[in-house]
Amino acid sequence: MERRRFIKGSLTAGAVASAAPLAKSAPLERSGDELRVALAAYSFRSNFAYMKGKPNRSLAEGARTIDMPGFIRYCAELGVDGAELTSYFFPPEVSDDYLANCRRTAHINGVAVAGTAVGNNFSHPKDSEQRAEQMAYVQSWVDRAVVMGAPHVRVFAGVHPKGMKAEEAEANAIEALREAADYAGARGIILGIENHDSVGTAEALLRIVKAVDHPWLGVNLDSGNFRVDDPFPEIAASVPYAVNVQLKTEFKKGDEKVPADLERVVGLLRDGGYAGHVVLEYEEKDDPFEHVPRWIEKLQGWCA
């Protein structure tokens, strides 16, 4: 560990000397190297009463239910460092009182609110009604993140509108992400764009991050969302820009899913100098209450 810190410090010193000030689109400068295990509420998507402001149709009759304060307490029981409070599962028109209670519940149970996550689409044209709606949606959750004490909001570039060229949709997303980052940064919230929807490779992900070129926007690295045969080079390329990491227990390979080598992924996080939350996002169909504890225990060992 001491050797790793020395190498990182030497590299950082050299980078600053040759390129001062460091460009905002360059890899992040970090002094720490701690990996803090967290759990995403999305892992329990079939156990919350609400899904995106409506009754959750995935909630099976007789299934174990959970609300957001209950999820935070469950994270404390597992001994994880953080809880990612996915926006989808809050009650409709959630109040500031409810959000503040989540913050209080986390604090008194020794759990950090690692962040929240939205499902936006920023690929619409700037002057369109859809773009205005999506911007207002993201900004509303930035404001809610402030109340919850969540330092990070996961965002998307989004799905390309039908008939629109990919280059145009990406340019729309870049402009929207820059505007959203201005809003978030003014409130002390960092945005992380995920490799999701139209963004299936590290090349596309980093192209967008570098084009936005904003100190309050980085990568929300999702280990299971790269649409390539070998995800490990994609993960390694993205780590230096990551402001949050979500780990899935499976990789996508064509139309199939295969078991993920998460121990190797954690190794790539260390090699890339990542510091921060490593969030388990369990997406398998099995009961999360049965299987999540086992994965958390493994992650805690690998991240120690």
Side-chain angles (χ1 to χ4, degrees), residues 38-59 65-75 82-106 111-122 130-159 173 176-177 179-181 183-185 187-197 216-222 225 243-246 248 277 279-283 288:
L39 179 61
Y42 192 81
S43 304
F44 299 84
R45 61 201 171 278
S46 296
N47 300 93
F48 283 95
Y50 300 104
M51 175 64 166
K52 296 184 177 180
K54 299 178 181 179
N56 189 355
R57 290 186 292 182
S58 297
L59 182 62
T65 58
I66 194 169
D67 61 7
M68 203 58 75
F71 168 70
I72 295 168
R73 289 190 290 270
Y74 180 74
C75 288
E84 185 177 278
L85 310 184
T86 319
S87 67
Y88 307 160
F89 310 114
F90 284 88
E93 303 300 327
V94 61
S95 68
D96 281 356
D97 285 345
Y98 189 98
L99 299 169
N101 183 51
C102 289
R103 182 173 188 162
R104 177 183 182 276
T105 301
V111 176
V113 179
T116 187
V118 297
N120 65 296
N121 188 347
F122 273 166
Q130 296 98 322
R131 157 66 185 278
E133 290 174 351
Q134 291 298 298
M135 187 61 67
Y137 166 51
V138 170
Q139 290 177 350
S140 72
W141 277 98
V142 166
D143 293 340
R144 288 165 178 163
V146 173
V147 178
M148 289 189 290
H152 172 259
V153 179
R154 188 284 314 277
V155 294
F156 296 148
V159 178
L177 286 164
E179 180 182 334
Y183 186 91
R187 290 151 181 81
I189 304 297
I190 191 164
L191 302 183
I193 176 177
E194 184 176 312
N195 45 310
H196 189 88
D197 291 333
W216 291 93
L217 179 98
V219 166
N220 184 91
L221 174 56
D222 188 312
N225 272 6
V243 294
N244 190 61
V245 173
Q246 294 172 324
K248 291 187 170 72
H277 284 107
V279 185
L280 176 66
E281 190 174 49
Y282 186 76
E283 283 196 339

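Nothing fancy with the numbering, it's 1 onward along the sequence. Remember, it's a predicted structure, so these values are computed and weren't measured experimentally.
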Taking N56 for the side chain and R45 for the main chain, is one N or O donor matched with an acceptor at less than 3.5 Å?
yes
Enter the distance from D67:CG to Y98:OH here, rounded to the nearest 0.5 Å.
4.5 Å
Looking at residues at least two apart in the chain, or sitting in another chain, which of them share a salt bridge (Lys or Arg N to Asp or Glu O under 4.0 Å) with D143?
R187
Tell me, please, which residues at least two apart from Y88 pass side-chain contact (heavy atoms from CB on, under 4.5 Å).
Y42, M51, K52, T86, Y137, R154, F156
If you define the side chain from C-beta out and look only at heavy atoms, does anything of V94 sit under 4.5 Å from Y50?
no
When the aromatic ring centroids of F44 and F89 are compared, is their separation below 6.0 Å?
no
Expected output: side-chain S43 to main-chain Y282 donor-acceptor under 3.5 Å:
yes
Which distance, rounded to the nearest 0.5 Å, do you find between the CZ of R57 and the OG of S46?
12.5 Å
Go through the structure and list residues passing side-chain contact (heavy atoms from CB on, under 4.5 Å) with T65, not counting sequence neighbours.
L59
Close side-chain approach of L39 and F71, heavy atoms under 4.5 Å
yes
Which atom of A181 lies closest to which atom of W216, heavy atoms considered
O-CB, 3.9 Å
Tell me every residue that passes side-chain hydrogen bond (donor to acceptor under 3.5 Å, both in side chains) with N220, counting only those two or more places apart in sequence or in another chain.
E194, N244, Q246
Could you work out, with salt bridge (Lys or Arg N to Asp or Glu O under 4.0 Å) as the rule, every residue matching R131, not counting sequence neighbours?
E175, E179
On a heavy-atom basis, the closest approach of G158 and N121 is CA-OD1, 3.2 Å
When you measure from the side chain of N225 to the backbone N and O of H196, does any donor-acceptor pair fall under 3.5 Å?
no
T105: what forms a side-chain contact (heavy atoms from CB on, under 4.5 Å) with it, not counting sequence neighbours?
P69, I72, R73, N101, N109
Identify the heavy atoms of V111 and A83 that sit nearest to each other, and give their distance.
CG1-N, 3.7 Å
To the nearest 0.5 Å, what is the distance between CD1 on I189 and NE2 on H152?
10.0 Å
Would you compute the distance between atom CG of L177 and atom CD1 of I193 and round it to the nearest 0.5 angstrom?
5.0 Å
Give me the atom names and distance for the closest heavy-atom approach of A40 to V279.
N-CG1, 3.5 Å
Decide yes or no on side chain to side chain contact (heavy atoms under 4.5 Å, CB included) for L99 and F90, but give the supporting numbers first.
CA-CA 9 Å; L99 299 169; F90 284 88; 3.8 Å; yes
Give a yes or no answer on whether the side chain of N120 reaches the backbone of Q134 with a donor-acceptor pair at less than 3.5 Å.
no
Report yes if the side chains of V138 and F122 come closer than 4.5 Å at any heavy-atom pair, otherwise no.
yes
Contacts of V113 that satisfy side-chain contact (heavy atoms from CB on, under 4.5 Å) - sequence neighbours left out
L85, A106, A150
By salt bridge (Lys or Arg N to Asp or Glu O under 4.0 Å), which residues pair with E281, not counting sequence neighbours?
K248
Minimal heavy-atom distance between H277 and A112, with the atoms involved, is NE2-CB, 4.2 Å
Evaluate the criterion side chain to side chain contact (heavy atoms under 4.5 Å, CB included) for residue pair W141 and M148; output intermediate values, then yes/no.
CA-CA 10 Å; W141 277 98; M148 289 189 290; 4.2 Å; yes
Could I get the full list of salt bridge (Lys or Arg N to Asp or Glu O under 4.0 Å) partners for R103, not counting sequence neighbours?
none
Heavy atoms of A117 and S87 approach each other most closely as O-OG, 2.6 Å
